[in-house]
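Below is one structure; the comments refer to it alone.
Proteins come first, then strands; the chains are lettered A, B, ... in the order of their sequence lines, and each starts at number 1.
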4 protein chains.
Amino acid sequence: MTDPRVLRSRGALLEAALDELAAAGYAAFSMESVAARAGVGRSTLYRHWNDRLQLIADALETLNVQPGPPDDAPAQEPEWGHVEKLLRHLARALTDSAVSRCLPALVHAAEQDAGVREFLQGYSLRRRQALVSVIADGIARGEFRSGDPETMADALSGAVFYRRLMTGLPVAPGEVPGLVAAVLGDRMRRPDRGET
Amino acid sequence: MTDPRVLRSRGALLEAALDELAAAGYAAFSMESVAARAGVGRSTLYRHWNDRLQLIADALETLNVQPGPPDDAPAQEPEWGHVEKLLRHLARALTDSAVSRCLPALVHAAEQDAGVREFLQGYSLRRRQALVSVIADGIARGEFRSGDPETMADALSGAVFYRRLMTGLPVAPGEVPGLVAAVLGDRMRRPDRGET
Amino acid sequence: MTDPRVLRSRGALLEAALDELAAAGYAAFSMESVAARAGVGRSTLYRHWNDRLQLIADALETLNVQPGPPDDAPAQEPEWGHVEKLLRHLARALTDSAVSRCLPALVHAAEQDAGVREFLQGYSLRRRQALVSVIADGIARGEFRSGDPETMADALSGAVFYRRLMTGLPVAPGEVPGLVAAVLGDRMRRPDRGET
Amino acid sequence: MTDPRVLRSRGALLEAALDELAAAGYAAFSMESVAARAGVGRSTLYRHWNDRLQLIADALETLNVQPGPPDDAPAQEPEWGHVEKLLRHLARALTDSAVSRCLPALVHAAEQDAGVREFLQGYSLRRRQALVSVIADGIARGEFRSGDPETMADALSGAVFYRRLMTGLPVAPGEVPGLVAAVLGDRMRRPDRGET
DNA sequence: CGCTAACCGAGACGGTACGTCCCGTCTTTAC
DNA sequence: GTAAAGACGGGACGTACCGTCTCGGTTAGCG
C-alpha cells in the first residue's frame, strides 16, 4: 500500500472519477472513461476497485471535508454570525465545488446503493448537527426566536438544497442573511458582514 | 394515433417506464426491460420514442398532477390552513407516490438533460408559486409574520425536499404544523387538523 | 434461419474461422480476429456461437467433404488403382487444403474438446473404412497379398499422416505407388498413372 | 546457474510446465498456472524463460530419452525382433508417457513455432533413422521382404502415430507383431515374445 | 366484406462498456 | 543480491444493452 506507484494511480483515478461523475453523471459514468482521464490502464483501475460502485463510494470520501472550524468568535450575537457562516459555506459548496457537481448524481446513486446512501446521509447529518447546536445555543442566548432547533435547521438547509436541486437558481451567499432572518429572526436584525 | 393498438402500447410502455425508473433507477434504466415489463416488442418501444430520455421525459409528464383544487374555504385563518394543506400534500407526495420513487432519478437526469430539467423545474415552480401566493395573502391578512414570501416558501418546501433527499427520514404529515409554525408563525397558534 | 443477413454472416464467419485456425492455430485463435476477418461485428459472431469451441466445431463441419465417388471403374486391377486414388486424395488433402492447414490445430483441440475429437475421429474413420473395404476386395481378388486389411489401412494412412505431422516433408502424390506397393504388393507391379 | 536455488526453481518449473501442458493443453497453457504448480513466483519463471514458447521448448527437451540401448542380441532373426522392440517402445510411449500426453500440443505448437518444430522433427528423425537402419539390415539379411526401408519405416511408425492421433484407439503392444508382419513380412512368421 | 396500410413481435446488425483473466514488463520489499 | 510479491499497460474474453434495421404476420378501418 505504500508502493509509490499505487499511490500515484489511486490518486489520479479518484480525481478522475470525480471529474467523470460531474461530467457524465452517475448513469453514464464509465470506468473506461475514468481510466482514460487518469491516463491509466483499465486493468489498473479494476485492480483497485472491483466495480463502479466501489470506485464511486471511495471517490466520494474524498469530498468529505467538513465545513470548517467553529469561527474566530466575533463580537456581538456570535451565534447569528455563526449560522450565517455555516449557511454561506453550504451555499457556496452547492454552487461551485466538486460536491455540487456530483450532488445530483449522488442523490440518485444513494437511492440505489446502500454505501452511497450512507455517505450522503452521513455527510448531511454532520452538517445538520453542527447547525442544530449553534441554533440551540442562539435560542438559549435569546438571539433567535424560540422554536425547535431541528425544524429550523431543516428549513435553513432545506432552502439551500432545494434551490440547488429543484430550481435553476442556487442560493447566492448574499441571500443568506435574508434566509436566516426569515427562519430565526423576530425583531430588527443587522447581521454583520462576517467572513468572505 | 387513434389506432387502439397504438394507444394500448403507449399506455403500457409509459407505465412500465415509470415502474422501471422506480425499480432500477435512472442509471440502470433499461429499454429492454421496459419493453419486457410492458409485454411489448423492443421495436414497438423505439417506434414511439427514439431513445431513453424521450421515453423518460414523456413518462414523467404522466405524473404531472397538480396539488389539488384551492380548498373548501374553512373558517378562521384560512391561509394558514391552506399552507398546511399544500405542504401536507407535498410531504405525502414525497413519501409514497410514483413521484417520490422517481425523484432522485429525476434530479439526476435533470442535470444531464435539458428536457428533464425543464420538466422538473416547471413542476417545482408551479408548486412554489401556489405556495408563495398563499403566503403573501396570509401576510397581508396578518396571519403570518411579515417577511419575504418567496424566501419563506423556499424554507418550507426546502425542508420537505431536504428531508426526503438528504436524510433517510421524510417529513411526516404530522410534522407539517410545526414546520409551518417555525417559518410563518409568530404568536400563539392552534391549527386544527384540517383535511385527511 | 432463412434471413439472408444470417446466411451472409454465418458464411463469412465460418470461412474466416478456418482462415484464423490455419493462420493462428488453435491456441492463438481469436474471436476478435475472426470477426475482423469476416468484416462483421463482434456481437454478431457471439450471436451465432456462444464461444470459441462452438464456432470451431461448426467451422470444421465445413471441411467434411468426403474423398470422392468410387471411381470410373478402369480396366485391370481396379482395386489397386482405387487404393492409389484414395491415398493420392489424402496426400493432396494433407498438403494443400484447408484441412491440412487446420490439422495440427485440430489434433490438439481434439485432445481438449469432445466435440472436436468426435469430428476428427469421425472424419478419420470414414476415410479408413473406405480404404479398408477396398483393400479387402483387392485381397479377395488376389490383387494384394493377404493380410489384415485394417492393419494395412493403418499403415498406409498412417504413413501419410506421419509424414505431414511429424516430419517436414509430406507425402507427394508421386510417392503413393511406392507406398502402396510396400504395404500391399508382393509380386510384379506396374500401376498406370490413373487419375489426376 | 550453480546456485542451488536456481536449480531447484528450474527443476520445479520444468516439471510443472509438463504437467500443465498435459493437463491444460497448449492452447490453455498458462504461465500463471505453471508458476503456481511449481510454488514459485511468476517473476522467477520469467527470469529463466522469456515467454511461453521458450519454456515449453525447454521442458520438452526433458522428454528426450531415446528408445533404448541396442538389444541383448537374441537368437535367430535378430532384426525382426529389434524392429518389434522399437515399435513396442513407440507404442508404449504413445499410450502412457508424458510424451503421449504432450504430443497433440506439440504437433500443434510445431506448426506455429520453429523451435518446437525443430525439436519435434528431430525427435521423430532420430527414431526413424534407427528404425530405417534396422530394416535395411533385415532386408540385407533376407529377414524382411525387399523394398525401400524408408517407406517401410514410415508405414510402421505412421500406423502407430496415426492410431494415437487420429483415432481413439492407440496401438497396443500386442498388435505390434501383426503390424510388422504386414509391412515387412512375406512368408510365414512367428515372432517370439521378445521383451515385456 | 375484402384490401391495403399500419402496427406488431422477433430478432439480426454494428457498436460500446462491462468485469474477468492472463500476458510480458516493471518496480519495490523482504529475506 | 536474489527472489517473491505484485503493480503496470495491454488486449481478448463472453455478456448485456444500445439504437438501427429488416423481416413476415395480424389487425384495423376504408372503400
The reported gap from CG in B:L55 to CZ in B:R10 (rounded to nearest 0.5 angstrom) is 9.5 Å

Is there a donor and acceptor pair, one atom on the side chain of B:R42 and one on the base of F:dG19, closer than 3.5 Å? yes

D:L55 atom CG is separated from E:dC23 atom C1', nearest whole Å, by 14 Å

C:D51 CG to E:dT20 C1', in whole Å, measures 16 Å

Self-check item: Non-hydrogen side-chain atoms of B:D58 and B:Q54 separated by less than 4.5 Å
Solution: no

Checking side chain to side chain contact (heavy atoms under 4.5 Å, CB included) for the pair A:Y123/A:L60: CA distance, chi angles, key distance, verdict?
CA-CA 10 Å; A:Y123 178 83; A:L60 293 178; over 6 Å; no

Within residues 30-40 of chain A, the residues having a heavy atom closer than 4.0 Å to DNA chain E are A:S30, A:M31, A:E32

From CG of B:L13 across to P of E:dC7 the rounded distance in Å is 14 Å

Taken to the nearest whole Å, CH2/D:W49 to P/E:dC23 is 15 Å

Rounded to whole Å, CZ of B:R47 lies from P of E:dA10 at a distance of 13 Å

(message) Using 30° and 60° as the class boundaries, would you call the ring planes of C:H108 and D:H108 parallel, tilted or perpendicular?
(response) parallel

Given protein heavy atoms under 4.0 Å, the one-letter contact record of nucleotides 26-31 of chain E, with B base, S sugar-phosphate only and - none, is simply BBSS--

Output for pair (B:L106 CG, B:L21 CG), nearest 0.5 Å, gives 7.0 Å

Intermediate values then yes/no, side chain to side chain contact (heavy atoms under 4.5 Å, CB included), C:I56 and C:W49: CA-CA 9 Å; C:I56 291 177; C:W49 298 274; over 6 Å; no

Taken to the nearest whole Å, CG/D:L45 to C1'/E:dT25 is 14 Å

Does D:R52 reach a base, just sugar-phosphate, or nothing at all? Heavy atoms under 4.0 Å. sugar-phosphate

By side-chain hydrogen bond (donor to acceptor under 3.5 Å, both in side chains), D:R37 pairs with (sequence neighbours left out) D:E20

Sorted by position of nearest nucleotide on DNA chain F, 5' first, the leading residue of B:N50 and C:N50 is C:N50

*Reckon D:H48 touches a base, only the sugar-phosphate, or nothing at all at heavy-atom distances under 4.0 Å?*
nothing

Check: Taking atom CD of C:E118 as the centre, does the number of heavy atoms from other residues, nucleotides or ligands within less than 6.0 Å exceed 12?
Finding: no

Within the supplied structure, the quantity of interest is the number of heavy atoms (other residues, nucleotides, ligands) at a distance under 6.0 Å from A:E15 CD; does it exceed 12?
no

Between B:R8 and A:L53, the residue closer to the 5' end of DNA chain E by nearest nucleotide is B:R8

